[in-house]
Amino acid sequence: MTSIRDDHVKVHFRLEVDEDGWPPASVESLWAGVRWAGETVQASENCTIRLIVMKDGGSAAARQTVLETFRRLGTTGEGIEQFRMVALDVPSDADLPRIRKLLEHGEAKGWWHWEEGCVTAVWQATAAAGLP
């Protein structure tokens, strides 16, 4: 559901699933331009945001619409059919305030639920700014 350049590889991370079964997967994967093994070589300034798409039952078309909508704000991402999920890769030069505002708006409308997977201080500042 996404087009990633040929010079990217998929990196897999093991997740700890809590007693309630969250997150619903024990592995998360992200596209990366550099291969890392064992430890973080250099922290990225990118954030990872996960959305469970509720609109239209999380259909492939609904997930694709979410990806395209957020792509216009500078993100990339992919849809995960099994969980009706979209994972967004949010670079530091994306429009972070508008992305947060759209995330909150979509959740208020019941289009999706979202959570922060991995975030930076710059992303956290958008919440502290108290956006309308």
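Numbers here are sequence positions counted from 1.
The side chain to side chain donor-acceptor pair (under 3.5 Å) test applied to Trp114 returns Glu107, not counting sequence neighbours. Listed by chain and number, the residues in a salt bridge (charged side-chain N to carboxylate O under 4.0 Å, His left out) with Glu116 are Arg100 (sequence neighbours excluded). Legend: residues meeting ring pair (Phe, Tyr, Trp, His ring centres under 6.0 Å) with Trp111, ordered by chain and number and at least two apart, are His105. Remark: Asp95 pairs with Arg98 by the salt bridge (charged side-chain N to carboxylate O under 4.0 Å, His left out) rule, at least two apart or across chains. Under the side-chain contact (heavy atoms from CB on, under 4.5 Å) criterion, Cys118 pairs with Thr48, sequence neighbours left out. Residues satisfying the ring pair (Phe, Tyr, Trp, His ring centres under 6.0 Å) criterion with His12, sequence neighbours excluded, are absent altogether. Every side-chain contact (heavy atoms from CB on, under 4.5 Å) that Ala62 has, sequence neighbours left out, goes to Val53, Asp56, Ser59. The side chain to side chain donor-acceptor pair (under 3.5 Å) check on Glu45 picks up nothing, with sequence neighbours excluded.
Pairs of residues two or more places apart, or lying in two chains, never qualify as salt bridge (charged side-chain N to carboxylate O under 4.0 Å, His left out) while including a residue from residues 82-92. Sequence neighbours left out, the pairs with a member in residues 15-30 that pass salt bridge (charged side-chain N to carboxylate O under 4.0 Å, His left out) are Glu28-Arg50.
For the pair Cys47 and Trp123, the tightest heavy-atom approach, listed with the atom from each and the gap, is SG-CB, 3.5 Å.
Residues Glu78 and Ser29 form a side-chain contact, since some pair of their non-hydrogen atoms from C-beta on lies under 4.5 Å apart. Side-chain atoms of Arg63 and Glu81, non-hydrogen and from C-beta on, do get closer than 4.5 Å to each other. Between Leu88 and Leu67, some side-chain heavy-atom pair lies under the 4.5 Å cut-off. Leu51 is listed as a side-chain neighbour of Phe70, based on a closest heavy-atom distance under 4.5 Å.
Considering Leu103, Asn46, Leu96 in turn, Leu96 is the only one that fulfils the side-chain contact (heavy atoms from CB on, under 4.5 Å) rule with Val90.
When the side chains of ILVMFWY residues are joined at heavy-atom separations under 4.5 Å, either directly or via intervening members, Val17 and Trp22 end up in two distinct hydrophobic clusters. Put simply, Ile80 and Leu15 are part of two different groups of oily side chains (I, L, V, M, F, W, Y) that touch within less than 4.5 Å, one to the next.
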